[in-house]
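In this chain, numbering begins with 1 at the start of the sequence shown. Here the structure is a predicted model, which is why all the values come from computation and not from measurement. As a basis for the values below, the full set of heavy atoms in this structure was taken, side chains included, without hydrogen atoms, waters or symmetry mates.
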Amino acid sequence: MRLLGSILAFLGAVLSLTACGGPDKTAHFIAGAMVAEYVRYEGGSFAQACGASLAFGVMKEVADSQFGGVVDGGDVWATGAGCAITWRF
């Protein structure tokens with residue numbers, strides 16, 4: 001049942017990001033989810049997983065600012081929001 005809840009939460013978040021932010025925000029969300037899940041897999045807490053996702057989003061935007069990419073604060077929050085699927089129901 002927990003797996004089903006996690007899958008439904010993930011799909012709902014991806015669909016809502018696709019509707020309001022397009023494929024870029026969805027990609028950021030999925031990247032944040034991957035980072036968070038890796039941290040949880042390695043034994044990190046939920047807070048550490050969310051912190052890592054948010055830090056990853058910030059680092060990506062800093063890299064964009066240094067190398068000519070487009071900086072978007074929404075991308076940081078979409079990446080950080082990816083940690084939501086690591087929550088255990």
Side-chain angles (χ1 to χ4, degrees):
M1 192 64 166
R2 283 190 341 204
L3 178 61
L4 178 61
S6 295
I7 290 170
L8 290 175
F10 178 75
L11 289 176
V14 168
L15 290 174
S16 67
L17 284 170
T18 301
C20 70
D24 182 52
K25 298 290 186 283
T26 303
H28 280 274
F29 179 85
I30 292 170
M34 291 171 57
V35 168
E37 192 57 36
Y38 178 75
V39 170
R40 294 285 293 178
Y41 176 78
E42 291 294 322
S45 69
F46 177 70
Q48 290 169 327
C50 284
S53 291
L54 193 57
F56 186 77
V58 169
M59 288 188 318
K60 195 265 184 200
E61 293 308 308
V62 168
D64 280 351
S65 73
Q66 298 297 313
F67 300 108
V70 177
V71 177
D72 181 4
D75 289 349
V76 172
W77 292 113
T79 307
C83 77
I85 69 157
T86 65
W87 184 261
R88 302 296 184 233
F89 292 98

What heavy-atom pair brings G32 and S53 nearest, and what distance separates the two atoms?
->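 In terms of heavy atoms, the two residues are closest at O-OG, 2.7 Å.
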Nearest-0.5 Å distance, NE2 of residue H28 to CZ of residue F56 = 9.0 Å
Between atom OG of S45 and atom CZ of R40, what is the distance when rounded to the nearest 0.5 Å?
->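 Going from the OG atom of S45 to the CZ atom of R40 covers 7.0 Å.
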With sequence neighbours left out, which residue pairs that include part of residues 59-85 fulfil the salt bridge (Lys or Arg N to Asp or Glu O under 4.0 Å) condition?
->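 Sorted result for residues 59-85: K25-D72, K25-D75, K60-D64.
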Would you mind listing the cluster partners of V62? Hydrophobic ones only (ILVMFWY), side-chain contacts under 4.5 Å, chaining allowed.
->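 Members other than V62 - counting any ILVMFWY side chain reachable under 4.5 Å - are L54, V58, V76, W77.
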Hits for side-chain contact (heavy atoms from CB on, under 4.5 Å) against A52, two or more places apart or cross-chain, chain-then-number order -> V35, V39
